[in-house]
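Read through the structure below, which is laid out as structure tokens, and then see the notes.
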Number of protein chains: 2
Amino acid sequence: MHKINEDLQKERDKCSFNIQDLITLIDGGPEKTRERKDRENVMLSKREVFDGVPEEYLSHKERYENAIRNSVVAFSLVRKMQEEGKTSINNYRDVVGGLLGSSVLRDGSPLGLHYIMFMPAILNQGNEEQQEKWLPRAWNCSIIGSYAQTELGHGTFIRGLETTATYDAATKQFVLHSPTLTAYKWWPGGLGQTANYCIVVAQLYTKGQCHGIHSFIIQVRDEETHMPLPGIKIGEIGAKLGLNAVNNGFLGFDNFRIPRTNMLMKHAQVLEDGTYVKSRHSKLNYGAMVFVRVVIVFDMVNYLSKAVTIATRFSAVRRQCQLKAGETECQILDYVTQQHKLFVSIAAAHAFRITANNLWLTFNEVNEQLSEGNLQRLPELHALACCLKAVTTADTAACVERCRLACGGHGYMMSSSLPLTYGLVTAACTYEGENTVLLLQTARFLVKTYQQLDSKALTPTVAYFKSAAAEKFCDSWTNTTEGIIRGLQVVAMRKIAHCVIVMTNRVSKGMTFEDAWNMTSVQLVAAAEAHCRVIIMSTFLEEVKEMSRTISPKLKEVLHQLAELYCIYWALEKLSDLLLYTPISQKEVESLRLWYEETLTKLRPNAVGLVDAFDLRDEMLQSTLGSYDGRVYERLMEEAMKSPLNAEPEVESLRLWYEETLTKLRPNAVGLVDAFDLRDEMLQSTLGSYDGRVYERLMEEAMKSPLNAEPVNHTFHKYLKPFMQGKL
Amino acid sequence: MHKINEDLQKERDKCSFNIQDLITLIDGGPEKTRERKDRENVMLSKREVFDGVPEEYLSHKERYENAIRNSVVAFSLVRKMQEEGKTSINNYRDVVGGLLGSSVLRDGSPLGLHYIMFMPAILNQGNEEQQEKWLPRAWNCSIIGSYAQTELGHGTFIRGLETTATYDAATKQFVLHSPTLTAYKWWPGGLGQTANYCIVVAQLYTKGQCHGIHSFIIQVRDEETHMPLPGIKIGEIGAKLGLNAVNNGFLGFDNFRIPRTNMLMKHAQVLEDGTYVKSRHSKLNYGAMVFVRVVIVFDMVNYLSKAVTIATRFSAVRRQCQLKAGETECQILDYVTQQHKLFVSIAAAHAFRITANNLWLTFNEVNEQLSEGNLQRLPELHALACCLKAVTTADTAACVERCRLACGGHGYMMSSSLPLTYGLVTAACTYEGENTVLLLQTARFLVKTYQQLDSKALTPTVAYFKSAAAEKFCDSWTNTTEGIIRGLQVVAMRKIAHCVIVMTNRVSKGMTFEDAWNMTSVQLVAAAEAHCRVIIMSTFLEEVKEMSRTISPKLKEVLHQLAELYCIYWALEKLSDLLLYTPISQKEVESLRLWYEETLTKLRPNAVGLVDAFDLRDEMLQSTLGSYDGRVYERLMEEAMKSPLNAEPEVESLRLWYEETLTKLRPNAVGLVDAFDLRDEMLQSTLGSYDGRVYERLMEEAMKSPLNAEPVNHTFHKYLKPFMQGKL
């Protein structure tokens, strides 16, 4: 253990609340905290396996091989937990979510989709025999699956998919085919070189008729040799902004045949003679989409907590410029512009977590009703999941990037972990429903709701439409968070109402409804966003009020400050809406600004305590700037020394000098141990290992050699296959 | 040449103006267009040298070696142009700027700083003897330099730099020293393994007194062996979000001695006996800072044009969803939300270019006055350069990212070129003055100006303060761009005024001025931004009006539409300011929104023509999504096939299939040539070369082998040294 940076220690000393209390609250109780820590301990027990030359110095291919190695180790542990009954398909969210983006699987995993999409698809869309046949093999990873829907030319518009699955009654087989280049599947995680099975979404043809898209389970590689099966054209799609460990693949079919029973038939079926039996409920698949979106919101909470922990700790350690001439340089956390950049992210992490928990509960309720055939609440749930996914991913991307920029140049270093985090988060703005498209889906629901305002009972998330229509603003309504939320409810309702008026006008002037919708779509997106912010903010506030009854007064105070900050921040961000649609005065606006600035000041002394409460271990953060002990500059230099460019012999002298510098800086035992730590890392990449891990290192090096290029990527035989056979 | 995508061809056919006219206008005349094209032809004449496995598949070290190879080829051509009198230090901006971020030097260059900072520093800060001694060697690259100011612990606050240069009169030497870890220089481009000289900024001590920071020219590596000199601790700082070809380095000194004459002495001097002679004008160095910021704004124009060209062409090729049921899927460029995401970037590229040209002229004027000792206009120029750098980099980063997200998943592919572009642009938000810090500098100038409003004549960029104070809004003022700008001038002035009031209040309640400034800094930043937007918008509008007298009516029309779009866009973005500080009504806001939507519709048919007019050759764009011919999907697949993961023997069968698919898709000769193209790329990385470039490829492969690790990175001996000796 290193000595804690003095500035950071002072921050912790002045924290007004008990950090452990907040940790427990965030986890959802002491039991949950214990479970999480247990999981982390298990995962990090194999930590030394994951150390080595930092990913960013490796080639694309080496990164893939690394990812396979790390994934196999990590998911062996998951399998072990599974066998010991410590996890089930119901808390994969925690387990897999905790792994991805952590130090263990920093840039995603080729096995992620196996857990997140492949198994759930069989569970949700397969009939009983199919579940019995495939799930046990998938559970113990003796097959590895992916999920292929998107095509090179088709994403959002699922009905436009080109891949066909044509039933041949003579052989009782489906013939899968990719008629064009744009029909190639494109993006599925793990599909490139990793998976041997895949759920494929294709247009179903039988008896000469197209019945739209259905799912099929398809073997793509030989289970023994891992060679692609004849008729399968498969490979990886290449380098991306992030997620480069995911091995996203493409997949084309050349009249590839599968048995009839490989169509997932829980809902619709094709009988042996080719008769198509329709699904009872065409909307049942919405459940899976909603599930994935809930998972994404939880992911965002993880990434946002991570980014703001890094940036806040760094801002307490970093000193730059003088607030007053002649003083020592001040912690950059003391600059109000810096507080403005960071504190809203702390608040947002809480707001999103609370809203996601809420969405998760609603999802489970509605899912139960669905299984009973009750579809009533599905449209609302769908609209809610759409906008929450869109707003939380967009906000998180913006917040993470703001945190990164708030760390100045050092935030641009890969070793800060912030660029990687942004890469993971910004991807979520696009996958599983592009954000603009999703907000327009929510807008469609809101417009419909508004048009039926008088004739229909309103579902919970839009109940405010009626109260907002009747809102009478009292004096000083802007002085409370409740008032602000009522104001923003009026805004959301009025924005929808305004869109309806604009569209009606356009239609009355001869436009088609579709063109009027398109012309008004920029405003519709803004209206859906406004609605979503109302939901997040009011859920956050209500929950904080609810919590207040059981938590310490000190903790209550700081949580209230966070909720206030979040409300005022967004009121000021969306000020033009308040000015347009509520009777807010210029004076009230000025008071809001002062209130905002004062809340920043109140939160300042607790900033480090608040991010400590996210309880992200250094091994999860993996950041030179964000570690618990605040050894920012030392870590930056240590990481720089790991660059292979610095490992040439000429650097020998540099290394000695560096050690001298370290020795001077740390005239105590801890400092000396530091210096030895460094030496091991540096030697590893050129001079060979002195730490006794000779054979492991020899093997790792051997694995990188082009001489070992095997007909099939060797990682399959070394790692994947034994893993799949349960020998690991 | 491939056939042009049909949709793209249709777009070009319907373009209402002559694209060549706009190209000429952008370049600044037919002569300039010719010069630019000549330069491009020279640079791209060596294009085949730059082809190979895409950068994103290489390891960090291989990328560096690639960067050295490409830089040496590119800058040899620059040197040749130099010798032929086709370029001078005055248009390095065009030459070096055109190279960086292009296909030639995609992710920066280790030699960039040599041209952009090292030589200008000697020119601006060296006395005549020093210029005579160093410049010719730098000009012909027999020495390679970098520029080291920022330290591990010190960036913004230059006065806080820790590196010391202590004069020793006995030996007539300066002793350079890094007393702590945080004193290490950190970031200088090319300093890691490339440069052998460096300008170093350090605290000057002589006769026991500190005289603040001064610049020194320091040899860091042996000119012959390239080994670091004794006392020099040097290396690279590691992987970053972007700019990974730049070889950013660190540098520490252990009592390293240099001759007295290596202090750059144009301004201040240290005499032989150690007497310090003060600089005549302490502010003279501002000139260099302003220069670099002007260069950055031009860079932003390049990157923004590039990103929006890619996204717009892709949006014309990509079809997704039906606007009306039953229709064919429509071009995504037809969605108004997509137009909203893209068109403002086209307008911004023009607005920034025009403003940068203007700033460049002002800079040259003021620089001339400076050399005559007239410093009067320096504060205004400094304030202007600060806010323009901040706003254009932040806007460009946001616009590039919006363009990338507007391309959906495909924008996440490295092969789209958009992630790399974002990496380059977002770095500019931090380097050469962090954006928040710069805006606060502008705010300080604006506050001072406002406080002296009655007593002083106003300089040009703030002249509007007085007219704004007297502004009487007529009816329907929001119906014209001139009206909007007047509105935004009132906004900027009132925001500054409001900050002054808030600060005065705070001081009157007992706060120090510094604390009041800090508490108000979020609002001060917003005020400076508002001022900057007024400058950009009014410069853009005036220039378009000015141009209108000489250009065709069709071109005039579309440029006016762009200027309108830009004004309305920002009026709507900053609507809360207009609502607070001007008498804009709800009805007028609604009209603005309609005007915005209508302007998007007017621009829609010219979108592709407008980005064509940026005249960025495919070789400069290097994007699968943005090429002139629109072969988006084919290129995506071709690039995917270049991934080393797809080059394993198992893919042999895939390759044959892929060629079959291509053959089916392109039943003509051109298609067949495509297919052969692909084969070469694929073979290259595993099976060896069939195209006859056997020896080149053998050498390239040899260069990658760890067996060739030399005491000094071998690229020095192979490329850098011959280049520096003028043999290349």
Side-chain angles (χ1 to χ4, degrees), chain A residues 56-61 64 152 155-157 160 181-182 187 193 227 233 235-241 320-321 323-324 329 336-337 340 405 408-409 412-415 419 429-430 434 436 514 518-519 521-522 575-576 579-580 586 597 633 639-640 643-646 649-650 654 657 665 711-712, chain B residues 56-61 64 152 155-157 160 181-182 193 227 233 235-241 320-321 323-324 329 336-337 340 405 408-409 412-415 419 429-430 434 436 514 518-519 521-522 575-576 579-580 586 597 633 639-640 643-646 648-650 654 657 665 711-712:
Chain A
E56 44 267 34
Y57 298 123
L58 303 181
S59 72
H60 186 70
K61 194 171 172 182
Y64 168 67
L152 190 46
T156 296
F157 190 60
L181 179 62
T182 47
W187 283 115
Q193 274 72 23
M227 291 291 278
K233 315 163 206 178
E236 77 134 356
I237 63 170
K240 294 142 290 169
L241 193 161
Q320 201 74 186
C321 297
L323 262 176
K324 283 158 205 159
E329 292 191 67
V336 175
T337 47
H340 174 60
L405 286 163
Y412 196 71
M413 303 290 305
M414 291 302 285
S415 71
C429 295
T430 305
E434 194 278 331
T436 303
E514 291 86 350
N518 189 22
M519 276 301 276
S521 53
V522 173
L575 191 56
S576 61
L579 286 162
L580 274 175
Q586 193 164 345
E597 288 157 354
Y633 299 114
E639 283 304 313
S643 167
L645 282 175
N646 289 334
E650 59 172 60
L654 164 64
W657 258 317
L665 285 166
V712 164
Chain B
E56 46 266 33
Y57 300 123
L58 304 181
S59 73
H60 186 70
K61 194 171 172 182
Y64 168 68
L152 191 45
T156 296
F157 190 59
L181 179 62
T182 46
Q193 275 72 23
M227 289 292 278
K233 316 162 204 179
E236 77 134 358
I237 62 169
K240 294 143 291 169
L241 193 160
Q320 201 74 184
C321 297
L323 263 174
K324 282 156 205 159
E329 293 190 65
V336 175
T337 47
H340 174 59
L405 286 163
Y412 196 70
M413 304 290 305
M414 291 303 284
S415 71
C429 295
T430 304
E434 194 277 332
T436 303
E514 290 87 350
N518 188 23
M519 275 302 274
S521 54
V522 174
L575 191 55
S576 61
L579 285 162
L580 275 174
Q586 193 164 344
E597 288 157 355
Y633 300 115
E639 284 303 313
S643 166
L645 282 175
N646 289 334
E648 314 221 321
E650 60 172 60
L654 164 64
W657 258 316
L665 285 166
V712 164

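These numbers come from the heavy atoms of this one structure, side chains and all, not from hydrogens, waters or symmetry mates.
- The closest donor-acceptor contact from the side chain of A:Q193 to the backbone of B:L645 lies under 3.5 Å.
- Considering only heavy-atom pairs separated by less than 4.5 Å from chain A, the leading option among B:E236, B:K324, B:M519 is B:E236.
- In terms of heavy-atom pairs under 4.5 angstrom with chain A, the leader among B:T337, B:T182, B:T436 is B:T337.
- Of all the heavy atoms in A:L575 and B:S576, the pair that sits closest is CB-CB, 3.7 Å.
- For the side-chain hydrogen bond (donor to acceptor under 3.5 Å, both in side chains) test, residues two or more places apart in sequence or in another chain that qualify with A:S415 are A:T624.
- With a 4.5 Å cut-off on non-hydrogen atoms, A:E56 touches chain B through its backbone and its side chain both.
- B:E329 touches chain A through its side chain: at least one heavy atom from C-beta onward sits under 4.5 Å away, while N, CA, C and O do not.
- Interatomic distance, A:M413 CE to B:K240 NZ, rounded to the nearest 0.5 Å: 7.0 Å.
- For chain B, the option among A:S521, A:A239, A:A640 with the highest count of heavy-atom pairs below 4.5 Å is A:A239.
- Counting heavy-atom pairs closer than 4.5 Å to chain B, the top residue among A:C321, A:G408, A:G160, A:G155 is A:C321.
- The distance from the CG atom of B:L579 to the CD atom of A:Q586 is 10.5 Å, given to the nearest 0.5 Å.
- Here the shortest heavy-atom pairing between B:S643 and A:G238 reads CB-CA, 4.4 Å.
- Residue A:N518 comes nearest to B:V336 through the heavy atom pair OD1-N, 3.0 Å, listed as atom of the first residue, atom of the second, then distance.
- Under the 3.5 Å distance criterion, the side-chain polar atoms of B:Q320 are matched with a main-chain donor or acceptor of A:T156.
- Between B:Y412 and A:W187, the ring planes are tilted. Angles from 30° to 60° get that label.
- Closest non-hydrogen pair, A:E434 versus B:L405, comes out as OE2-O, 4.5 Å.
- Taking A:S59 as the reference, A:K61, A:E62, B:S59 meet the side-chain contact (heavy atoms from CB on, under 4.5 Å) condition, with sequence neighbours excluded.
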